[in-house]
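What you see below is based on every heavy atom in this structure, not just the backbone, and it leaves out hydrogens, waters and symmetry mates. Here is how names work: the chains are called A, B, and so on, in the same order as the sequence lines, proteins then strands, and each is numbered from 1.
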2 protein chains.
Amino acid sequence: MATHGARGRSGGRPTLEEVAARAGVGRGTVSRVINGSPRVSDATRAAVEAAVAELGYVPNTAARALAANRTDAIALVVPEPETRFFAEPYFSDMLKGVGAELAETEMQLLLIFAGSDRERRRLAQYLAAHRVDGVLLVSVHADDPLPDLLAQLEIPAVISGPRSAAETLTSVDSDNYGGARSAAEHLVSRGRTRIAHITGRLDVYGAQRRVDGYRDALRDAGHGVDERLIEPGDFTEEGGARAMQALLARCPDLDAVFAASDVTAAGARQVLREEGRRIPDDVALVGYDDSAIARHMEPPLTSVRQPIEEMGRRMLDLLLTEIADRRPAVSRGLERPQMVLQTELVTRASS
Amino acid sequence: MATHGARGRSGGRPTLEEVAARAGVGRGTVSRVINGSPRVSDATRAAVEAAVAELGYVPNTAARALAANRTDAIALVVPEPETRFFAEPYFSDMLKGVGAELAETEMQLLLIFAGSDRERRRLAQYLAAHRVDGVLLVSVHADDPLPDLLAQLEIPAVISGPRSAAETLTSVDSDNYGGARSAAEHLVSRGRTRIAHITGRLDVYGAQRRVDGYRDALRDAGHGVDERLIEPGDFTEEGGARAMQALLARCPDLDAVFAASDVTAAGARQVLREEGRRIPDDVALVGYDDSAIARHMEPPLTSVRQPIEEMGRRMLDLLLTEIADRRPAVSRGLERPQMVLQTELVTRASS
DNA sequence: ATCACCTGTGGGAGCGCTCCCACAGTACCT
DNA sequence: AGGTACTGTGGGAGCGCTCCCACAGGTGAT
């Protein structure tokens, strides 16, 4: 077996050097072919490709990473316990979008949960070691230090819901304001006048924007805003039930509810039913997300659809661009892109 | 800034060399401390650790991987489309077990779906590049070529359900035979005499073993086995419904059904209900997996519990051992461990 | 005093790539 | 003929580690 090098290798994987020897060219040329550089003649390229095929050459990722100072991997970081990840379709849809887009590339996707303190410490260590070229961040709360850590380490990152209007990271979001507004306007157009809102977690910026949209829609419709019709929730089913109880106790005359998520709406529905209110006859109900829950609810739930898969795809696009530009946009003095995708109201029997 | 080396570096991450200089020791010594070698004096170790802390040194994974020829990463390969992964609690439980055990180590877990042909080709490439030190394989069908590829590449691997009694890979499994047997015996003890079985996909070895357990239990109870009471399913809800219809048409006198999964049982329940059979009064129903579905079914479903999380933990244990031994067990002439975990029948109102 | 044998340490060589400089060859101007 | 500019190519240097050989210094036997 014709190998060179001092340490006798035992017929392991072929190296660039061996491919070069076989093709009768230099190391640099093989590298150029492997990496798709245009500065190679057609004949040479063909010879190299033949040698690669004959030897079954596969580049050594570690060597490449060391020499080129990149990893060809990106992380999808979910700052939640795994349980929530599996429970909420939001995440799997996002993953699907990212995965689909990523299949076009040579990049590797890592899924990292950072729900517990321990996991977060691990993640920090991981990022400090620069084991990924970029990070996709979903579901981040307003006070999360993760984005700052990323900025400090100069790791390209894209966030799925900005933390505030002044988000410094590149972000992709759906139009929470517009979505909420369309839901409230829809209820107004159905002749409802006492429209309540169960909010999401208010430390999530998008939840605040939904409240804004709801408020503005009612005000512009000339209904005015009754603050007693607004009850905070937390995106969960129990939170929705709790809020619904509070609302019914406070305003028994309400005739519609706009919930900040489908899961919240499910909790509200349960309480409405127990209290003998018919949906939609007595109380119209609208949710947010247009998840499977909405379609399977009894009656089927009107809901605001977010293009989550597309958000995933766009996030990846933006991240890859940032990585290609090799620096976070801010350190190049550019403004961070803030992409906002439109929502769509899906009308069903509940309203 | 005190850096050496020809290519002027711009104050990037500290290297081993810099830590060594700071601690006043050699490169080798720092490496020994980092890797926990015992051959270092306490004083030196302390000095190195101080330097590491001061400089915020984090080892460069790529360099380590290149020099040591390992990646410190393992893959959990799911030969299914992502959709099924999220739909079936089996996978997330398994992931939880693996994740918990892995948190103890420095290893990185990759989640890889290989449902489509395209994804499988990608995976093959990935494995050929030896980008992971080992592989955890779940839900593999009898004719899957993946295990052979792994063996050929000499990548340590552990499989979650053996493909056959002659599985060549290290495997972890629950006692499908015993689990099915306990389910059937339970129905017998409840006085049922016409006990049907809806099987799983029969190209999955575990599904076959469940049929065996069912058969033996009935035979040993002196009931004999009526082959018309066995109907093939495929672990899905639709499959369960279809099989239930066939069974009712063929054997209207059946008084119990043992389904190969909870999801299958859910499909069967739907049909039984439509046909006006009461559960458990007319027909007793038993499932398999003891998933959330079983607890939430109406009536709650008796089911065979598999310790899936523990299976995940055990798989990881075995894999890490094999990696530490640095060769797949078979090439060292050892017999592959075949670990089998016990199941437990959880009795509820459906039987 | 000599030898053997520990423990702890330093540093050369090498892992398999990419980057980049150097240079041969060709083409097209002055 | 000489200059300039490009294309295609080879190969040195270096990425930041681990591995391992060499060796200093100590200890206890002969």
- Whole-Å distance separating the CZ atom of A:R27 from the P atom of C:dC19: 13 Å
- Just how far, in rounded Å, is P of D:dC15 from CG of B:L16? 13 Å
Let me check something: any side-chain donor-acceptor pairs from residues 312-319 of chain B under 3.5 Å, sequence neighbours excluded? List them with distances.
from: B:R314; atom 1: NE; to: B:E310; atom 2: OE2; distance (Å): 3.3
from: B:R314; atom 1: NH2; to: B:E310; atom 2: OE2; distance (Å): 2.9

- Task: Quick one: list whatever passes salt bridge (Lys or Arg N to Asp or Glu O under 4.0 Å) with B:E167, sequence neighbours left out.
- Result: B:R163
- Which residues within residues 49-65 of chain B lie with some heavy atom under 4.0 Å of an atom in DNA chain C? none
- Item | Residues in salt bridge (Lys or Arg N to Asp or Glu O under 4.0 Å) contact with A:R27, at least two apart in sequence or another chain | A:E17
- Note on the structure: Sequence neighbours excluded, the answer for side-chain hydrogen bond (donor to acceptor under 3.5 Å, both in side chains) partners of B:S171 is B:Q338
- Task: Check B:E154 against B:P156 and note the closest heavy-atom contact, atom names and distance.
- Result: O-CD, 3.6 Å
- Message: Expressed as a whole number of angstroms, how long is the span from A:L66:CG to D:dC17:C1'?
- Response: 7 Å
- Query: Is a donor-acceptor pair below 3.5 Å formed from side chain A:R13 to base C:dG16, judging by atom type as modelled?
  - Reply: no
- Message: Please enumerate all residues that pass side chain to side chain contact (heavy atoms under 4.5 Å, CB included) together with A:T83, with sequence neighbours excluded.
- Response: A:P81
For a quick test of your reading: what N or O donor-acceptor pairs under 3.5 Å do the side chains of residues 33-50 of chain A make, sequence neighbours left out?
from: A:N35; atom 1: ND2; to: A:S31; atom 2: O; distance (Å): 2.8
from: A:N35; atom 1: ND2; to: A:S31; atom 2: OG; distance (Å): 3.4
from: A:S37; atom 1: OG; to: A:R39; atom 2: N; distance (Å): 3.1
from: A:S41; atom 1: OG; to: A:T44; atom 2: N; distance (Å): 3.3
from: A:S41; atom 1: OG; to: A:T44; atom 2: OG1; distance (Å): 2.7
from: A:R45; atom 1: NH2; to: A:S37; atom 2: O; distance (Å): 3.1

- If you look only at pairs with a residue in residues 136-152 of chain B, which of them pass as a side chain to side chain donor-acceptor pair (under 3.5 Å), with sequence neighbours excluded? B:E80-B:S139, B:R120-B:D144, B:H141-B:R201
- DNA chain C contacts made by residues 31-45 of chain B, counting heavy atoms under 4.0 Å: B:R32, B:R39, B:V40, B:S41, B:T44
- Query: Expressed in angstrom and rounded to an integer, what is the separation of A:N69 atom CG from D:dC15 atom P?
  - Reply: 11 Å
- Would you find a donor on one side and an acceptor on the other, under 3.5 Å apart, between the side chain of B:D93 and the backbone of B:E309? no
- Message: Run the ring-ring contact (aromatic ring centres under 6.0 Å, His included) test against B:F113 and tell me which residues pass, sequence neighbours left out.
- Response: B:F85
Using distance only, find each side-chain donor-acceptor pair of residues 53-65 of chain B under 3.5 Å and give its atom names and separation, not counting sequence neighbours.
from: B:E54; atom 1: OE1; to: B:R22; atom 2: NE; distance (Å): 2.7
from: B:E54; atom 1: OE1; to: B:R22; atom 2: NH2; distance (Å): 2.5
from: B:N60; atom 1: OD1; to: B:A62; atom 2: N; distance (Å): 2.8
from: B:N60; atom 1: OD1; to: B:A63; atom 2: N; distance (Å): 3.0

- Note down the inter-axis angle between the two ends of the helix from C:dA1-D:dT30 to C:dT30-D:dA1, five pairs each, to the nearest 10°. 50°
